[in-house]
Amino acid sequence: MRCKWYLVCPLRRYEREKKIDSGWSAKYCQSEHGWRECKRYKLEAQGIYHPDNMLPNGEIDESLR
Ligand code: SF4
């Protein structure tokens with residue numbers, strides 16, 4: 001089961017624009033349990049702000065706009 005926020009996650013736009021590869025999605029977003037480990041998921045679930053350019057491992061990628 002993929003992440004419940006799959007369709008609305010800003011990572012989809014970065015994928016469409018070829019700014020990130022599909023590895024993030026495979027490891028986290030579409031993985032049976034990977035999304036549970038996603039930093040973005042955890043912050044969203046707690047209602048804590050996180051920028052669009054934060055990757056699932058919590059790293060901020062300043063090159064993502
Ligand atoms: S980056 Fe995290 S919050 Fe976004 S769809 Fe993937 S697993 Fe879900």
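When a ligand or atom number is given, it counts from 1 through the structure's own listing order. These figures come from a predicted structure and were not determined experimentally.
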| request: If you have a sec, work out which protein heavy atom is nearest atom 2 (Fe) of ligand 1 and how many Å separate them, to one decimal? | output: Cys38 SG, 2.4 Å
| field | Test item, Arg12 contacting ligand 1 (heavy atom, 4.0 angstrom) | value | yes
| Distance filter under 4.0 Å to Leu11 heavy atoms, resulting ligand 1 atoms | 1 (S)
| request: Hey, could you give me the CD1/CG distance between Ile60 and Leu55, rounded to the nearest 0.5 Å? | output: 8.0 Å
| request: Let me see the working for Met54 and Glu59 under side-chain contact (heavy atoms from CB on, under 4.5 Å), right down to the final yes or no. | output: CA-CA 6 Å; Met54 174 184 280; Glu59 177 187 326; over 6 Å; no
| field | Separation between OH of Tyr14 and CG of Leu64, rounded to the nearest 0.5 Å | value | 5.0 Å
| field | Lys39 vs Asn57, side-chain contact (heavy atoms from CB on, under 4.5 Å): CA-CA, chis, key distance, verdict | value | CA-CA 6 Å; Lys39 183 79 172 174; Asn57 65 358; over 6 Å; no
| Heavy-atom nearest neighbour in the protein, as seen from atom 8 (Fe) of ligand 1, with distance rounded to 0.1 Å | Cys3 SG, 2.4 Å
| field | Cationic N near anionic O, under 4.0 Å, Glu44 to Arg40 | value | no
| remark: heavy-atom search around atom 4 (Fe) of ligand 1 in the protein gives Cys9 SG, 2.4 Å
| Does the ring center of Tyr41 lie less than 6.0 Å from the ring center of Trp35? | yes
| Quick one: nearest non-hydrogen protein atom to atom 3 (S) of ligand 1, plus distance? | Tyr41 N, 3.7 Å
| task | Could you list which atoms of ligand 1 come closer than 4.0 Å to a heavy atom of Trp35? | result | 7 (S)
| query | Counting only heavy atoms, which portion of Cys29 has something under 4.0 Å from ligand 1: side chain, backbone, both, or neither? | reply | both
